[in-house]
Peer 1: 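Just passing along the structure, written as C-alpha cells.
We name chains A, B, ... by the order of the sequence lines, and we start the count at 1 in each one. Since this is a predicted model, take the numbers as computed values, not measurements.
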Number of protein chains: 2
Amino acid sequence: MPASAADHHSPTVPRRTPSRRRVGRPPSAVLDQGVITVAALDLISRKGYEGLTMAALARFLDVAPSALYNHVNSKMDVLLLLEDHLTARVDVSAFADRPWDEAVYAWAASYRDVFAQHTPLIPVIAVLPVTNAPQTLAMYEAVASGFRHAGFPDEKIIPSIVALESFIFGSAYDVTAPADIFDPGSMAPATPNFTSAVHSLKNEEHSRPADIAFTLGLDALIAGLSKLRRFS
Amino acid sequence: MPASAADHHSPTVPRRTPSRRRVGRPPSAVLDQGVITVAALDLISRKGYEGLTMAALARFLDVAPSALYNHVNSKMDVLLLLEDHLTARVDVSAFADRPWDEAVYAWAASYRDVFAQHTPLIPVIAVLPVTNAPQTLAMYEAVASGFRHAGFPDEKIIPSIVALESFIFGSAYDVTAPADIFDPGSMAPATPNFTSAVHSLKNEEHSRPADIAFTLGLDALIAGLSKLRRFS
DNA sequence: GGCACTAAATGAATGCCATTCATTTAGAGT
DNA sequence: ACTCTAAATGAATGGCATTCATTTAGTGCC
C-alpha cells in the first residue's frame, strides 16, 4: 500500500496514549459485556462507586465512552451486570450438605458480606426483575431447593426468602455505617434511655456492632422461620 | 426616592414569572430550612425523587438555585432534612401503652410504611450519624425506652433495634418491587424448585407479597428478640 | 467473489446537574 | 451613622450520561 498524500507521520511512531485506535470497527472486538463487567469491578475496587462513571470506565478500557453503548443500553445495565456477577460469589454450597438452619446461616452471612462491599447495588437488586440474571436465578434455585428439602411448604418458601433477604440487605448497609453513628451529641440529656443503651456498648469486645446485630437478628429469623416446616 | 435615570420601566408592571425578585437581600427572608424541607417533600410527591433537583427545588420556591446554598451546604443536606422530617411521622405511641411485642409490631409497620415511599433516603439514613437529627433521636429514645421497660438489658437494646431496622429498611424496598420481580422467564426449566415456589404464590389472596414476607419476618424477629428480656 | 448488511469503533455535541463566585441589597449590632 | 453579615441574583464551571453522524471491518448471501 503506497503512502497516501495525508500520511505525513512516520508510521513507526504510535499516537500518544489518548485515542491509540483509529476510527472504525477494529479487526477484533475490544469490548463485550464480560470485559465491561470485570473492568467495572476493578474500577470500583480502586476508586469506589463514586469513580464508576461511563467516562472512567471507557478510559479504563482504553475506549471512547460511546463505544460502551454498543454493549449496554445504559449505566443501569452495567450495574445489573455487576449484580449478577457478584451474586455468583454468594456461597450456597451449605444447602447441599448441611442442616437447613446451618445452611441458611452460612448463605445469609456470605450474601451480606458480598453486598456490604457493594451497597450501591442494593437499590438496584431489590427492585429489579430477576429475568436474564442467570447467576441470581441459580442462587435462588439453590436456596429454594434447600428450603423445600427442609420441609417448607411451597407457598412459604418465597416469603421466607424475601424476609431473609430484606434483613440481609439492611444488614449490609449496617456494615458500612460509621462507628459513631449513634452518638447523640448535644441531645444526650434529652434521650437518657437511648444514650445509656449506646454507652453500654462501648466495651463490647471482639465483634463489630454490626456483627452483633446481624447474628442476633439472623438467629431470631431462623428460629422463627423454622416453625413453618412440615417436620423439623 | 426619585426615579433613577436607569428606571425606564413603568413601576406598576411586574416582571414575567421568571425572576420576579430583584437582586440583593430581600426585605424579609424567603428561605429557611423548614420551607426548603416542605418544598422538597411537595416536589417529591408530584415528581418523585427523579424530579428532586436543586434547580427544580429552586424553581418551585421561586428562587435562584444558588440561593438554596445559603441554607444548606449540599443536596445531601436536603436529604438529611427530609429524613429527619419524615422520621417524625413514624408512630412510636404504642410503646407508651401497649405490651412490648405489640408496640414493636406497630412501630416497625409504621416505620416501613413511611420509608417505603422514600426508599432513596434509605442509603442516607443507614449510614449517617444521628447527631443533629432531633426527630430521629426522639424516635430512638422512645423505642429504647420501650425496650428497657420491657426488661431488655442495656447492651442488647441497640443491637436489637439495629436488627429490626435492618429488616425494616430491606422490607421498605420490597414494597416498591414490581409484581413480576421473581419471574424466571426463559430460565424456568433450569430452576424447578424456585419456579414451583413462585407459582404457588399466584393465588394468595388479600395481602401483597411484600406484606406476607414482612409479617412473617417481623413475627420471627419479635419472638426471637423477646427471649433476650430479663422477664417476659 | 463481489455486495449488501450489520457490528463496533471514534469523536463531536447535547442537555442536565450540583455547585461556586462575584455582586447587590437589606437588616442588625455597636 | 457605620460596619458587618445575611440573603438574594445571575453568570459560569466542570462533570455526567447519553446520542448521533461517521468510519471501518467482518459476515452471510447469491
Peer 1: Taking only the side-chain nitrogens and oxygens of A/Arg22, find out if one of them lies under 4.0 Å from OP1 or OP2 of D/dA25.
Peer 2: yes
Peer 1: How many Å lie between CG on A/Leu79 and C1' on D/dT18, as a whole number?
Peer 2: 15 Å
Peer 1: Quick one, give me the B/S/- string for nucleotides 2-7 of chain D, reading 5' to 3', where B means a protein heavy atom under 4.0 Å from the base and S means that only happens at the primed atoms, P, OP1 or OP2.
Peer 2: ----BB
Peer 1: Using atom CG of B/Leu52 as one end and atom P of C/dC17 as the other, report the distance to the nearest whole Å.
Peer 2: 10 Å
Peer 1: Which of the following nucleotides, C/dT19, D/dT18, D/dT9, is nearest to the side chain of B/Met54?
Peer 2: C/dT19
Peer 1: Under a 3.5 Å threshold, yes or no: a donor from one side chain and an acceptor from the other, between A/Thr37 and A/Gln33?
Peer 2: no
Peer 1: Could you tell me how far apart A/Glu50 (CD) and C/dC17 (C1') are, to the nearest whole angstrom?
Peer 2: 15 Å
Peer 1: May I have the distance from A/Tyr69 (atom OH) to C/dA13 (atom P), rounded to whole angstrom?
Peer 2: 19 Å
Peer 1: Could you check whether the rings of B/Phe147 and B/Phe95 sit parallel, tilted or perpendicular, using 30° and 60° as the cut-offs?
Peer 2: tilted
Peer 1: Between the side chain of A/Asp84 and the main-chain N/O of A/Thr136, is any donor-acceptor distance below 3.5 Å?
Peer 2: yes
Peer 1: Got a second to check how far B/Leu121's CG is from B/Leu86's CG, nearest 0.5 Å?
Peer 2: 6.0 Å
Peer 1: Using whole Å, what does the distance between atom C1' of nucleotide C/dC17 and atom CG of B/Leu57 come to?
Peer 2: 13 Å
Peer 1: What distance do A/Gln117 atom CD and A/Tyr49 atom OH have between them, rounded to the nearest 0.5 Å?
Peer 2: 9.5 Å
Peer 1: Of A/Asp32 and B/Pro27, whose nearest nucleotide on DNA chain C comes first from the 5' end?
Peer 2: A/Asp32
Peer 1: Hey, does A/Thr53 reach any base, or is it just sugar-phosphate, or nothing, if we go heavy atoms under 4.0 Å?
Peer 2: sugar-phosphate
Peer 1: Send over the distance from B/Lys75 NZ to C/dT20 P, rounded to a whole Å.
Peer 2: 15 Å
Peer 1: Taking the six-membered ring for Trp and the full ring for Phe, Tyr or His, determine whether the centres of A/Tyr111 and A/Phe115 are under 6.0 Å apart.
Peer 2: yes
Peer 1: Between P on D/dC20 and CG on A/Leu68, what's the gap in Å once rounded to a whole number?
Peer 2: 17 Å
Peer 1: Would you kindly give the CG-to-P distance between A/Asp77 and D/dT18, to the nearest whole Å?
Peer 2: 9 Å
Peer 1: If we ignore hydrogens and angles and just use 3.5 Å, is the side chain of B/Ser110 paired with the main-chain N or O of B/Ala106 as donor and acceptor?
Peer 2: no
